[in-house]
Peer 1: 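Before I ask anything, here is the structure I am working with.
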Amino acid sequence: MNEIINYFSTIPSSHRALILAGGIAFFWLVETAVPLFKFRYNKWQHAGINIFFTVTTMIVNFCLALILLKAANWATENHFGLLNWLPEMNIWVYTIIGLLLLDLIGAYLIHLIEHKVKFLWRFHLIHHTDTWIDTTSANRHHPGESVLRFIFTTLGVLIVGCPMWVVFLYQTLSVVATQFNHANIILPKKLDTILSYFIVSPDMHKVHHHYVLPYTDSNYGNIFSVWDRLFGTFKTLDREKLVYGIDTHMKPEENNKLSNLLAIPFQKRRSPSSDD
C-alpha cells in the first residue's frame, strides 16, 4: 500500500495523460472485437468531436489544479473533513471510504443536480446528445460543465478531507471506469449484472443514455453503483430497447456538429416535440 500512496502522491501529469489515452485505445480495440451495437457511423469523425471535449476537460482541470491541491493540503493540515474526524483505521479501509465519499459528492451528487437544475442541465445536455455511445463518449463534456464538475470535486475534497494521493487515485480510477462503462462492448449478461452490484457496469450506465425519461434520470453513478441503489435512482432496461441520445436533439446537425454542441447551453430551450 505504501507504494500506491507514494506513486499517487507524485504521479506525473504525463502518466495521467498516458492512462487516459491508453484507456481509450484499449477499449477502442475491445469495441471492435465485441461490440454491443454495430453502429453505422464515421467513427473517426465521432471520436474527433468527443476527443475535442476530452482535451478541453483536461485543459480546465490543468488550469484549476492548484486550487484542488491547496484544498487537499488545507484539509489535511487542519485536520478537516470526514476522514480526519473518523477514528484511526486500517489504510485499506481508509482508502475505500475516501474513494466512496469522493464518488458520492464529486460525481454522483453533481450529476444528479445537473439533471435537476435547468441551467446546469443546459451544459450537461451535450453529454446526452451523443447517439453513438462508445468509449470516446466518456469525457464528452462542455467546458462549462467541466468547470462545474471541478467545483464539486473540490467541494468533495474539502468535505471528505482526503489527502491529494487519494484524489489522484480516485481520478485515475474514474477515468478508466467511465471509459469502461461507456464503451460499446457486450459482456455476458450475468457478469454485467454481478458487476452492477459493486461498480457501474456497461449495461447499467447505458440505461442512463436512453433517449427518454425516466431512464435519462437514473443511474447517475460514476465508479460505484451503491449510491444509485441506496438512493433509489437505479433502473434497468433491456439492451435491445436502448436508443441513445436525448429526445430534444435527435437530428445529426444538432448532436454531431461541434459548433452547435458548444452553443447548446445558450440556445432557446426546446421541448421533445420541437421542430425548430
Side-chain angles (χ1 to χ4, degrees), residues 1-13 15-16 19 57 60-117 120 124 141 145-178 180-181 195-201 204-205 218-234:
M1 188 62 186
N2 287 335
E3 290 79 6
I4 294 175
I5 294 174
N6 291 336
Y7 176 72
F8 283 102
S9 294
T10 58
I11 182 172
S13 297
H15 287 201
R16 300 177 71 194
I19 290 169
T57 297
V60 168
N61 289 339
F62 178 80
C63 291
L64 300 176
L66 184 61
I67 297 174
L68 195 62
L69 178 62
K70 286 186 175 297
N73 288 341
W74 182 88
T76 302
E77 292 169 2
N78 291 275
H79 205 70
F80 184 86
L82 298 174
L83 282 178
N84 293 306
W85 300 333
L86 291 173
E88 187 173 342
M89 66 190 77
N90 176 275
I91 188 62
W92 286 99
V93 176
Y94 174 93
T95 303
I96 292 170
I97 292 176
L99 294 175
L100 281 166
L101 291 175
L102 275 181
D103 200 49
L104 170 62
I105 301 170
Y108 177 89
L109 183 59
I110 178 56
H111 197 176
L112 175 69
I113 292 173
E114 284 177 330
H115 277 252
K116 302 304 180 184
V117 178
L120 301 185
H124 182 56
H141 299 298
E145 182 184 7
S146 296
V147 173
L148 292 169
R149 284 180 172 261
F150 181 89
I151 292 171
F152 266 77
T153 298
T154 304
L155 181 63
V157 168
L158 288 172
I159 294 174
V160 178
C162 52
M164 201 62 204
W165 69 266
V166 174
V167 180
F168 281 144
L169 174 59
Y170 174 78
Q171 290 181 331
T172 301
L173 292 174
S174 176
V175 164
V176 177
T178 54
F180 168 63
N181 58 45
L195 287 175
S196 72
Y197 281 98
F198 306 96
I199 63 172
V200 179
S201 67
M204 177 181 170
H205 190 71
S218 69
N219 300 4
Y220 298 109
N222 183 39
I223 298 177
F224 303 106
S225 59
V226 61
W227 305 122
D228 282 297
R229 292 180 179 277
L230 183 63
F231 296 122
T233 53
F234 177 80

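Just so you know, these numbers use all the heavy atoms, side chains as well, and skip hydrogens, waters and symmetry mates.
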Peer 1: Compile the donor-acceptor pairs under 3.5 Å between side chains in residues 65-73 and protein atoms, sequence neighbours left out, one pair per line.
Peer 2:
unit_1	atom_1	unit_2	atom_2	d
Asn73	ND2	Leu69	O	3.4

Peer 1: Excluding sequence neighbours, so at least two apart, what forms side-chain hydrogen bond (donor to acceptor under 3.5 Å, both in side chains) with Asn222?
Peer 2: Tyr170, Ser174

Peer 1: Taking only residues two or more places apart in sequence or in another chain, which ones pass side-chain contact (heavy atoms from CB on, under 4.5 Å) with Arg16?
Peer 2: Ile11, Phe168, Gln171

Peer 1: List the residues meeting ring-ring contact (aromatic ring centres under 6.0 Å, His included) with Trp92, not counting sequence neighbours, and say none if there are none.
Peer 2: none

Peer 1: Using the side-chain contact (heavy atoms from CB on, under 4.5 Å) criterion, which residues pair with Phe62? Sequence neighbours excluded.
Peer 2: none

Peer 1: I'd like a table of donor-acceptor pairs (distance under 3.5 Å, sequence neighbours excluded) in which one partner is a side-chain atom from residues 79-87, with atom names and distances.
Peer 2:
unit_1	atom_1	unit_2	atom_2	d
His79	NE2	Asn84	O	2.6
Asn84	ND2	Ala75	O	3.4
Asn84	ND2	Phe80	O	2.6
Asn84	ND2	Gly161	O	3.0
Trp85	NE1	His79	O	3.2

Peer 1: Taking side-chain hydrogen bond (donor to acceptor under 3.5 Å, both in side chains) as the test, write out the residues that go with Ser218, two or more places apart.
Peer 2: none

Peer 1: Under the rule for side-chain contact (heavy atoms from CB on, under 4.5 Å), what residues qualify as partners of Val200, not counting sequence neighbours?
Peer 2: Asn181, Met204, His205

Peer 1: Under the side-chain hydrogen bond (donor to acceptor under 3.5 Å, both in side chains) test, which residues partner Thr178, sequence neighbours left out?
Peer 2: none

Peer 1: Leu104: which residues meet the side-chain contact (heavy atoms from CB on, under 4.5 Å) condition with it, sequence neighbours left out?
Peer 2: Tyr108, Trp227, Phe231

Peer 1: Check ring-ring contact (aromatic ring centres under 6.0 Å, His included) between His141 and all other residues, then give those that pass, not counting sequence neighbours.
Peer 2: His127

Peer 1: Which residues pass the side-chain hydrogen bond (donor to acceptor under 3.5 Å, both in side chains) test with Tyr7, sequence neighbours left out?
Peer 2: His15

